[in-house]
Amino acid sequence: MPPMRTAAGRNKKPPPEGFEDIEDTLLEFQNKMKDAENASHDGKKKHEMIWPIFQITHQRSKYIYDMYYEKEAISKTLYDWLLKNGYADAMLIAKWKKQGYEKLCCVRCIQTNETNFRSTCICRVPKKTLNESQDIQCVNCGCRGCSSGD
Amino acid sequence: MADIPVRPPAGLPALAPGWTEHSAPSGHVYYYNKETKKSTYVRPIVEIHGLQQQHAAPRPPAPQAPFGANPNIGHVNHVASNNQLNPNFQPPNFRFGGPAQEPFQNAPQHSNPRGDHRGGHRGGFNNFQDRRRQPEDKPKHRSDIPNCAPWVLVKTKLGRRFVWNKDTNESFWKFPPHVMKAVMDFDHKEREKKERREHGQPSDEEDTAMAEVEADLAAVEEEMEKQIVRVDGEVGMDDDSEYEEVEVTDDEGEEANKPPKRQRTEEPTEDQAMEMGEDDIAWQLAQMEAMEEGDFDEEDEEEGLPLTEEDCKALFKELLDDTRISPYVPWDKVLENDGLYEDERYKALPTMKARKDCFDEWARERIHYLKEQKANQQTLDPRIPYLALLHKYATPKLYWPEFRRKYKREMKDSKVTDKVKEQLYRDHIKRLGLKQPELRSDLSNLLKAQPLALLNGSTTLETLPPSILTDLRFISLPASTRDSLVGAYISTLPPAPEGAFASAEEEAEVIRKRAERGRRERALAERERRVQEDRRKQERDLAYGMGRLREEEAEIERAMKFGKDGLKGQLGS
Ligand SMILES: [Zn+2]
Ligand SMILES: [Zn+2]
């Protein structure tokens, strides 16, 4: 008798064709994400703990964006499936397509209502308009600058 | 600019009677005695006793420059004070680096009216100063030497340079060693800045190395220009040009009160300086030779093997091919590959940005190629993609019906019949139960069984023949183990034999590609060799420069010794 397949296994639809090509890389991102989520708090501030999570989300979204738009390595079907299944941040990618937001770190950094000064995050300010030696890092996601001009 | 000396030297002692001062067209000053019809560079003076005080403005370098130049050795002024001479005394005198002292040898010193050799030398200092205080030449531009305060680099109108210490008010034509280092750094940076402006982009590592070499050469050239100025001056001696009024300074009186004793103690300095001059000339000749050699080499090689931007990209792409890295990974992942940096082809591209762009291009092309290859295999033999699927997903944990259900989607385009599929699946699962060494030797046998026409040195992992791809022995090992085994085996094979290609065009194409690759790799090796050579040359130059500094130190020590002996001799007489 063959072993019974689990309910979860039966419900899970297999990913579209081409997934196997990027599977290894996605698995690596997943492991990094797990590590970041399970990292100990030692000495870190609460907001610093979530920075790596934002950063990995950014990297993974960038990777999928690059695979679909830049390298044409994956199909539209697979791309849509990846967005639907949370492999990439659709909101963030939507921003990247807009001029001036090509390098945006995370959507929180352009939401004016969340910051103290009713303006966008410091990381959005072009480096050349800042004091030259000024070293900045935003509180939201630890971004050190994501202006398109930088 | 306020504290730049308006003109190099300070006041002068009065001319001895019968002598007049003249200026050659080059600006060099000489003296002529109408009665004796003799001429000299050496300023004939009437001796005056007295003391002199230090100037308030940067003074052009004095003859004892090489002494003061060494911060490790007691300052000449210090020596002077030990000998109960005025410690502040600094005879005004412009002075070149070593070689500039040479004119003293040529100067008609014996025509000195006082017939005193010593006096001639003493006069020589003043004379020398006079020649340097040509009205044509005066400080024009000053800049603080970075990381070397309080030293200031002063450039004269004639493009000569001397250094001035704002604090001690010393100035030298011959840069003290630590100042020289700082000036070299400064020159280098200035040059880089200039180059960046010219090219509109920052220079990479290699350019920097070249710029350093060029800066050194420029310094040598400058040194030579100084000599040329001097030689002109000598030629101009015969020219009966008009008398030119010597500029008089506020502290002329002080200058004129120079104690003669002090001057005697300085004589050895001058003699030593002359020796040093010869060394410098030898050094410069060596530099010139090195320069010519270098130029020749470069021309020769550049004509031989050109390396275009396309070549550089092709080299880097071939490197990426050879690493067998997946084109589906992000750039960061590529950089984790240590083997990448050890390969010469990594340096084919100058910047990280260029490498990333090249990787993106390579990945795009490669992904496209792999997709094409996959489609071809489907038409070539439907079993090929099916076996590839088995290789990836088949596991002894799944029975055939389960596997078929689970990967229904992946298999929907397959032209292989269900019966064949099932048979291949069962056979494959059976083989997965075998031990690794057995699977390895099976694969090895499969490879060895291939005729050279199908599998040879030109074959890549993507162009393996169907006879391998449709064989179960090819899919029994995990991909990483299998690919490295196959790759290693291919690398031992000779190139494709004649007639192994489908057409003559295909064969010509393969041969052309191989030749192209060989040419690029040779050109890269040549370029690398050139860079290494430049680096070695630079090190040699640096070592030479250091040796020169050490020589100077030795000279100074000798001069100091000589100076004391000379003084003793005088005290004794
Ligand atoms: Zn940002
Ligand atoms: Zn952010």
Side-chain angles (χ1 to χ4, degrees), chain A residues 1-33 52 55-82 87-88 93 96 102-103 149-150, chain B residues 320 324-336 353 356-375 378 385 388-414 425-426 429 478-480:
Chain A
M1 272 291 287
M4 287 299 293
R5 299 188 70 192
T6 62
R10 206 180 305 130
N11 290 343
K12 204 177 146 196
K13 261 179 104 183
E17 210 187 321
F19 182 79
E20 65 274 10
D21 293 328
I22 57 170
E23 203 174 7
D24 291 347
T25 301
L26 292 178
L27 207 65
E28 263 186 54
F29 278 125
Q30 198 181 308
N31 290 336
K32 271 191 204 166
M33 189 63 100
Q55 280 156 10
I56 294 160
T57 303
H58 174 97
Q59 285 167 17
R60 189 165 58 184
S61 300
K62 181 84 183 109
Y63 171 68
I64 289 164
Y65 176 91
D66 187 49
M67 281 292 126
Y68 182 60
Y69 287 102
E70 304 293 334
K71 299 212 171 93
E72 294 169 9
I74 57 174
S75 66
K76 172 98 174 84
T77 319
L78 178 56
Y79 177 68
D80 289 341
W81 184 89
L82 290 167
Y87 284 94
I93 288 181
W96 289 343
E102 291 89 344
K103 292 182 190 169
D150 287 351
Chain B
L320 291 169
R324 304 200 190 289
I325 199 148
S326 159
Y328 288 97
V329 299
W331 172 235
D332 303 16
K333 182 79 184 167
V334 178
L335 293 177
E336 285 171 24
K353 168 117 179 39
K356 182 182 184 301
D357 289 350
C358 190
F359 164 75
D360 284 346
E361 205 177 291
W362 170 82
R364 243 194 316 273
E365 289 164 359
R366 184 114 186 105
I367 288 165
H368 181 74
Y369 173 79
L370 290 179
K371 283 191 169 163
E372 230 173 33
Q373 203 68 21
K374 225 172 175 177
Q378 173 73 20
L389 184 79
L390 290 192
H391 185 227
K392 204 163 174 85
Y393 299 116
T395 155
K397 287 178 196 156
L398 294 178
Y399 287 96
W400 165 244
E402 293 170 310
F403 183 84
R404 188 181 56 184
R405 211 178 314 132
K406 190 168 181 190
Y407 296 99
K408 201 174 166 185
R409 197 186 188 104
E410 282 83 357
M411 294 191 283
K412 70 175 171 15
D413 295 326
S414 180
Y425 187 80
R426 289 183 191 283
I429 296 299
S480 55

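We name chains A, B, ... by the order of the sequence lines, and we start the count at 1 in each one.
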Check your understanding: Out of A:Thr25, A:Ile22, A:Asp24, which one pairs with B:Val329 under the side-chain contact (heavy atoms from CB on, under 4.5 Å) rule?
Key -> A:Thr25
Study note, to complete from the structure: CD1 (B:Ile367) and CG (A:Asp21) are apart, to the nearest 0.5 Å, by 8.0 Å
Revision key, fill the gap. If one checks every heavy atom of B:Lys408 against chain A at 4.5 Å, the contacting part turns out to be neither
Review point. Under a 4.5 Å heavy-atom cutoff, which of B:Lys392, B:Arg409, B:Glu361 has the most pairs with chain A?
Key: B:Lys392
Check your understanding: Quick one: what part of B:Tyr407 sits under 4.5 Å from any heavy atom of chain A, side chain, backbone, both or neither?
Key -> neither
Check your understanding: What distance do B:Asp332 atom CG and A:Glu28 atom CD have between them, rounded to the nearest 0.5 Å?
Key -> 10.5 Å
Check your understanding: Got a salt bridge between B:Lys374 and A:Glu20, using NZ or NE/NH1/NH2 to carboxylate O under 4.0 Å?
Key -> yes
Practice item. Look only at the side chain of A:Lys71 and the backbone of B:Tyr328, and say whether a donor-acceptor pair between them is shorter than 3.5 Å. Key: no
**Study point:** A:Glu17 atom CD: more than 12 heavy-atom contacts under 6.0 Å
**Key:** no
**Study point:** Part of B:Pro401 within contact of chain A (heavy atom distance under 4.5 Å)
**Key:** neither
**Study point:** Student check: side-chain heavy atoms of B:Pro330 and A:Asp66 closer than 4.5 Å
**Key:** no
